[in-house]
Amino acid sequence: MTLRTRITLLVTLLLAASLLLLGGGVHGLLKEFLYRSLREELAQASTQVVRLLNTGGGELLSVGLPSTLYAEVQLFTETDPAFLAKEGGISVQKSPALGSHRLVLSQKAYATLLQKGEVWAEVALPRERSPLRLLVLARKVKVRLGQAEWNGALLVGKPVEPIEATLNQFTRIYAATALLVLLLSALFARRLVRQALEPLEWVAKKAGAIEARPEELPEPQSQDEVYALVRALNAMMRRMREAFETQTRFLADASHELRTPITAILGHVGYLLRRTPVTEAQRESLEVIKREAERMRKLVEDLLELSKSGAWKVKPLPVHVKSLFEEVREEFSKGHPGEIVLEGAEDLFVLGDPDRLHQVLANLVTNSLKAKARRVVLRGMEVGERVILQVQDDGEGIPKEHLPHIFERFYRVDKARDRERGGSGLGLAIVKAILEAHGGEVWVESEEGKGTVFTLSLPASGPPPPLGV
Ligand code: ADP
């Protein structure tokens with residue numbers, strides 16, 4: 001997940017959590033307020049009715065109460081809450097809103113009422129679709145019937161539906177508003193984060209585009225954190241370039257300096273071998289010196305080559321693959337027991353430097369022949385915009401664990417054996433450097449005892465324009 005998505009998601013989640021909390025809080029407060037008002041209203045109504053009852057207001061419930069108030073005066077001949085919860089007390093008076101219904105509390109509510117003299121309870125009156133829920137305040141009162149005074153209760157209730165409807169409406173409006181706010185905020189946050197991260201992405205893109213040699217990045221106009229980052233990166237890259245250049249210069253100078261004494265050694269050994277009488281033992285020693293000096297010359301040449309690789313500028317030309325293959329076959333067919341076969345490169349052209357590509361193929365074929373291949377296939381094919389070249393041999397193969405390192409400098413599979421065969425351990429490193437300078441790629445597949453395939457991918461090209469045009 002990108003940083004941009006993560007920040008946007010985090011901001012949106014935080015906002016969603018805050019909106020949820022806020023919504024929950026306001027809903028709770030609103031509910032509390034509405035129920036408190038209802039309770040106050042019921043308490044007031046109940047007090048008024050009690051006062052009227054005390055002053056003997058006869059059929060007051062049927063005439064004196066608003067139609068939305070549900071009230072009933074009950075007389076208790078029993079004080080068993082279980083009995084009362086089943087039947088209710090004897091209904092003495094009822095408000096018109098109740099009609100044929102009764103206000104009957106639960107057993108627990110009756111018990112509290114009898115014990116404490118007052119209770120808040122919920123009562124559900126049967127109705128067509130869903131029961132009508134009422135909030136009821138029940139108070140113990142004295143009920144006078146004729147001359148006798150009985151224990152009883154006054155129950156006053158009002159439907160909670162308007163409150164629930166208000167709360168539901170609030171929830172709906174709030175949820176829609178919150179969703180809209182959330183959506184707009186997410187879009188806004190995404191845009192803002194993108195704007196904030198754009199310069200960093202620019203730095204990453206520029207830094208990613210830098211190839212082998214570190215180049216400095218253009219400094220942005222703004223004097224902000226990105227500017228500081230680019231400056232720090234540039235300072236680091238300057239130091240890297242200096243180190244790289246020092247190393248390259250050292251390598252080039254050392255190789256160059258070594259070439260002269262090696263040439264002198266080879267010259268003198270050749271002279272001694274050809275022009276002076278030497279004993280058999282001396283000849284043997286001189287042959288060893290000659291062989292080792294030649295190995296050293298190859299090593300030094302490879303080193304010099306590699307040291308220059310960072311500065312290679314390939315001038316790409318259309319190169320006829322078949323001709324290239326034929327040159328290589330010509331070069332290697334003599335003095336080796338293995339045969340070199342060409343496959344499918346008839347009208348193929350790649351874009352590259354012919355000498356360097358020759359060097360690549362020569363290095364690969366040398367390796368194949370050193371690995372005792374009896375048959376080396378040079379193969380070419382076109383795949384889309386690329387040309388694929390392969391050097392396949394049936395030699396010793398490379399053990400699997402060595403494959404990831406094979407293109408490293410001085411890497412040899414079997415140090416003693418490969419030294420004996422005259423390798424510097426730089427051949428494949430040079431191959432890779434040349435391919436990279438061409439914007440190409442190289443990879444290897446191999447099976448021990450069966451053989452090896454090196455595959456090169458290079459940009460394809462059309463044939464060169466005819467001369468004189
Ligand atoms: P060198 O110059 O010593 O040949 P390279 O970099 O060309 O070094 O190759 C590295 C090692 O990879 C070699 O020492 C050799 O053991 C192994 N190698 C390369 N090509 C082949 C091949 N076609 N078959 C078997 N082994 C190979």
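Whatever order the structure lists them in is the order used to number ligands and atoms, beginning at 1. Quick note: numbers below take in every heavy atom, side chains included, and nothing from hydrogens, waters or symmetry partners. No experiment lies behind these values; they were computed from the predicted model shown. If you read the sequence from its start, that first residue is 1, and numbering goes on from there.
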Can you tell me which residue and heavy atom of the protein come closest to [atom], and the distance to 0.1 Å?
{"atom": "atom 17 (C) of ligand 1", "value": "Val413 CG2, 3.8 Å"}
{"atom": "atom 26 (N) of ligand 1", "value": "Ile398 CG1, 3.3 Å"}
{"atom": "atom 15 (C) of ligand 1", "value": "Asp418 OD2, 3.8 Å"}
{"atom": "atom 12 (O) of ligand 1", "value": "Ile406 CD1, 3.2 Å"}

[X] versus ligand 1: do any nitrogen or oxygen atoms come within less than 3.5 Å of each other?
{"X": "Asn367", "result": "yes"}
{"X": "Lys370", "result": "yes"}
{"X": "Gly425", "result": "yes"}

Can you check which of Thr366, Asp393, Leu364 brings a heavy atom nearest to atom 23 (N) of ligand 1?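 Result: the heavy atom closest to atom 23 (N) of ligand 1 is in Asp393.
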
Write down the atom of [X], the atom of [Y], and the distance for their closest heavy-atom approach.
{"X": "Leu42", "Y": "Leu135", "value": "CD1-O, 3.3 Å"}
{"X": "His438", "Y": "Leu351", "value": "CD2-O, 3.9 Å"}
{"X": "Leu19", "Y": "Ala178", "value": "CD1-O, 3.7 Å"}

Subset of ligand 1 atoms that lie under 4.0 Å from at least one heavy atom of [X]:
{"X": "Phe454", "result": "20 (N), 23 (N)"}
{"X": "Leu426", "result": "2 (O), 6 (O), 8 (O)"}
{"X": "Ala371", "result": "24 (N), 25 (C)"}
{"X": "Leu428", "result": "5 (P), 6 (O), 7 (O), 9 (O), 19 (C)"}
{"X": "Tyr411", "result": "10 (C), 11 (C)"}

For Arg231 and Tyr227, test the side chains for any donor-to-acceptor distance below 3.5 angstrom and give the result as yes or no. yes

For the residue pair Glu441 and Ser457, confirm or rule out a side-chain donor-acceptor distance under 3.5 Å. no

Between Leu183 and Leu179, is the side chain to side chain contact (heavy atoms under 4.5 Å, CB included) condition met? List the steps. CA-CA 6 Å; Leu183 198 77; Leu179 264 177; over 6 Å; no

Yes or no on salt bridge (charged side-chain N to carboxylate O under 4.0 Å, His left out) for Lys298 and Asp302, after CA distance, side-chain angles and deciding distance? CA-CA 6 Å; Lys298 166 92 171 58; Asp302 283 354; 2.7 Å; yes

Salt-bridge criterion met for Glu294 and Arg291 (N-O under 4.0 Å):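 Salt bridge: no.
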
What I'd like to find out is whether the side chain of Phe349 reaches to under 4.5 Å of the side chain of Val319, using heavy atoms alone.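 The answer is no, as the side chains (C-beta and beyond) never meet within the 4.5 Å cut-off.
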
